[in-house]
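Residue numbers start at 1 and run along the sequence shown.
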Amino acid sequence: MRTIDLPAWGPGHSAPLTHVGLRPDGQRLASCSYDGTVIIWDTGTPARPVPLARLRHRRLVNASAWNPADPEVLATASADKTVAIWRVTERGRTHLHTVLARHTDDINSVAWLPDGERLICVSEDGRATLWSAVDGTFLAEIGAHEAHCMMVSVGAHGLVATVGEDGLVAVTDPDGSRAPVTRHYDSSIEGCAWSHSGRLLAVARDDGAVDLLTAGLEVVRTVPVSTSAARAVAWAEDDSSFVVGAYDGGLHWFDVLGTRLHRVEDRRVWPRSVSVAQGLVAAGSFWNGPHLYDLTTARPLAAPERATHGPNALVEHRGELLVGTDSGLVVTVPGGADSSGPAPVRPPLPLTDGPILSLASDGDTLYAGTYSGQVLRHDGRTLTTSATLGAPVPSLAVHDGALVAGTYNGEFLVLDPRTLKERERIAAHDGSVKSLSTVTGGFLSAATDRTVRAGGTHARNTLWEHGNLVNAVAALGTGAAASASRDHTVKAGRLTRLPDGTWRAEDVQTLLGPDESVKCVALLGSAEGPVVLAGSYDFGLYAWQVDWDDSAATLASGRLLDEFAQGLSCMIGLADGTVAVAGWDGRLLQVGLDAAERPVVRRSWHLADLTAAPSADPSPAAPTATVPAAAATTESRAA
């Protein structure tokens, strides 16, 4: 397994932070990142966190946990399917003690038992496993979920709580003194945390609420938090309050009675992780370091200094290839999508200061969907911002005179293409709408409910289903489509629109090759015999020549076309018949077909070169609404 090899620009991370963990004394913070590293920060002076050490894995790092018995011991959990046990001295010297390496899938979360010798690990395969950190031996499987197990928390008395995408909350005693108890929810549960006394378990729900449960999983209180999914929760030491990170991009403070105390909004924050210790609150970030706040007042104490520019979306706009990034910049590829000659680098367009997740183009108008749950409209002169839509917007499409936004809440929001006012809100999928692709007479959608569907905003037909969530869908005219899934496969099929307007897929084939989740997909050539391209978290760009009459021949045609230094993030078919491809390492490729109809890389760029130009001033003349200049706002109300 190749290691992530991103350039380190400055003292922080080179990619967004997936997890933050304060040591119980508040003097150290571990931050985990998509860049495959963990940075240990000295937070003794919270306003000036200082990096002390950097630990490495071979894939992104999902979580960390400080040992309750030995403050120098840290466990880190990675998508490389291992958990590493480190010793980190007060001066920042590090030693790798052991690696827990019998896992079969990405490790999402880890937690220590109170003895400081045993560790619980939960992973994408749904299993919760018990390990000895002393010698690295596997001890037992203590639970299992039907879908990904997302988080584990261990209480003061050794009770283990696990939650998962199957909606299951399970409490287990690994020493067997009490029987396991479970509670089922109708939707995914991604976060949980025991109070420090072990009396209450906070469960972060996909519908935006937090339940406070007893150890027997009886509901004490339901606390409404957000219109979007609650993702992470952390308790104050005295159990009097807790902090929630939600997919509305905000951090929410509540007392134990459910009274809202504060709310912080900062488009740089990635609230999939929060941590509390000694009056400090830490939160993850799309930038290069952690965010720190005062627990009592929610006052910002420290913030990261530098943006990361990971590409999330591509679009062809007025003959040019544009890239939407984690930093909120829209970057123009020099020379456009159809030029082979040298061209000057144009300044990036800073539409916002948070991640752009999706892009769409309609004539002279560019649309962007953001993680903060807004849609932006730029016509070359005026920047218009929609109201907050209640959830991140990972997909956009122009259809039937309207702009359709696919959200993390599984909805299609039909917006007026000029004013961005909401016309209609439609329950479209039972999971996040990750990708939209327009076709004549409709559009395709892919979602975390594992389905690929086709049609208009209302009448839609399921084309096929994957074994796991679907990250992306793409079409080649109206004759062929392909989708990329976390189940490590790509599916391709022929499309037919019947006279009654319904859609049907035929000759659906499953394409194998990637070893990890497949993130993006596109098609080249003709619908009669297309070439399918797909990019994976295993850093590979793959290609298959589809033979609709011989699926075995299609499967055998799969090959690795190129390799990146990080996972691939997005790709799009261009008007000239080529495909643009982007990876989180900042590489951009243009892929076409040679005379023998084989895929070849024609051009390449790097975002580091394209974002070096001075930033353009996005301030429009006579705007309808503009993105606020301030990066953060804080809303507080006394208890």
Side-chain angles (χ1 to χ4, degrees), residues 19 21-22 24 63 65 68 108-114 118-122 126 128 130 142-145 147-226 229-246 252-259 271-277 281:
H19 185 268
L22 283 162
N108 288 326
S109 180
V110 288
W112 294 91
L113 290 177
R118 294 173 296 167
L119 194 71
I120 305 290
C121 308
V122 300
L130 177 66
I142 66 165
H145 290 250
H148 306 311
C149 193
M150 299 303 296
M151 188 165 288
V152 58
S153 179
V154 176
H157 307 296
L159 292 182
V160 176
T162 61
V163 298
E165 289 185 346
D166 56 357
L168 177 69
V169 179
V171 171
T172 306
D173 181 356
D175 294 322
S177 62
R178 55 180 289 172
V181 291
T182 60
R183 183 179 184 88
H184 288 267
Y185 289 85
D186 292 334
S187 59
S188 174
I189 304 293
E190 297 195 19
C192 66
W194 285 104
S195 63
H196 290 270
S197 67
R199 295 174 182 171
L200 293 176
L201 176 68
V203 171
R205 292 169 25 178
D206 201 52
D207 63 3
V210 167
D211 275 354
L212 302 185
L213 309 175
T214 67
L217 297 185
E218 299 170 336
V219 178
V220 174
R221 186 170 293 108
T222 296
V223 181
V225 175
S226 170
R231 176 60 177 87
V233 59
W235 288 86
E237 285 93 343
D238 62 1
D239 292 350
S240 64
S241 63
F242 55 91
V243 182
V244 183
H252 307 260
W253 272 248
F254 293 89
D255 68 18
V256 73
L257 298 178
T259 302
R272 63 174 280 172
S273 178
V274 292
S275 181
V276 175
V281 176

Exercise: identify the closest heavy-atom pair between Ala246 and Pro271: O-CG, 3.0 Å
Heavy-atom nearest pair, Leu217 first then Val169, reads CD1-O, 3.5 Å
Closer than 3.5 angstrom, by distance alone: can the side chain of Asp239 be matched with the main-chain N or O of His196 as a donor-acceptor pair? yes
Could you check if a side-chain atom of Thr222 sits within less than 4.5 angstrom of a side-chain atom of Arg205, using non-hydrogen atoms only? yes
Side-chain (Trp253) to main-chain (Ser241) donor-acceptor, under 3.5 angstrom: no
His145 and Thr162: side-chain donor and acceptor closer than 3.5 Å? yes
Output, in order, the C-alpha distance, side-chain angles, deciding distance and verdict of side chain to side chain contact (heavy atoms under 4.5 Å, CB included) for Leu200 and Val256. CA-CA 10 Å; Leu200 293 176; Val256 73; 4.0 Å; yes
Measure the shortest side-chain to side-chain distance between Val154 and Pro114 over non-hydrogen atoms and say whether it is less than 4.5 angstrom. yes
Quick one: do Val225 and Phe254 satisfy side chain to side chain contact (heavy atoms under 4.5 Å, CB included)? Show the steps, please. CA-CA 9 Å; Val225 175; Phe254 293 89; 3.8 Å; yes
If only atom types and distance count, is the side chain of Ser275 paired as donor or acceptor with the main-chain N or O of Leu22 below 3.5 Å? yes
Distance col, row His148:NE2 vs Ser188:OG, nearest 0.5 angstrom, shows 9.5 Å
Is it the case that the side chain of Asp211 and the backbone of Leu213 share a donor-acceptor pair, with hydrogens and angles ignored and the cut-off at 3.5 Å? no
Looking only at heavy atoms, the pair that brings Ala230 and Ala209 closest together is CB-O, 3.9 Å
Interatomic spacing from CE in Met151 to CD in Glu190 - rounded to 0.5 Å: 8.5 Å
What is the distance from atom CG of Leu119 to atom CH2 of Trp112, rounded to the nearest 0.5 Å? 5.0 Å
Counting only N and O atoms by type, is there a donor-acceptor contact under 3.5 Å from the side chain of Asp173 to the main-chain atoms of Gly158? no
Between Val233 and Ala193, which heavy-atom pair has the shortest distance, and what is it? O-CB, 3.4 Å
What heavy-atom pair brings Val276 and Ala236 nearest, and what distance separates the two atoms? CG1-CA, 3.9 Å
Can you tell me how far apart CZ (Arg183) and CG (Leu201) are? Round to the nearest 0.5 Å. 11.0 Å
Side-chain contact, heavy-atom cut-off 4.5 Å: Leu257 with Arg221? yes
Do Leu130 and Leu113 pass the side chain to side chain contact (heavy atoms under 4.5 Å, CB included) test, and can you show the C-alpha distance, the side-chain angles, and the key distance before you say yes or no? CA-CA 10 Å; Leu130 177 66; Leu113 290 177; 3.8 Å; yes
Rounded distance (nearest 0.5 Å) linking atom CG of Asp206 with atom CZ of Arg231: 10.5 Å
Under a plain distance cut-off of 3.5 Å, with no hydrogens placed, do Asp238 and Ser240 share a side-chain donor-acceptor pair? yes
Gap separating the CD1 atom of Ile189 from the NE2 atom of His184, nearest 0.5 angstrom: 11.5 Å
Looking only at non-hydrogen atoms, find the nearest pair between Trp194 and Trp235 and report the distance. O-CD1, 3.3 Å
Side chain Ser109, main chain Val122, donor-acceptor under 3.5 Å: no
Output all residues satisfying side-chain hydrogen bond (donor to acceptor under 3.5 Å, both in side chains) with Asp186, sequence neighbours left out; order by chain, then residue number. none
Under the side chain to side chain contact (heavy atoms under 4.5 Å, CB included) rule, what do Val244 and Val274 come out as? Steps first, then yes or no, please. CA-CA 7 Å; Val244 183; Val274 292; over 6 Å; no
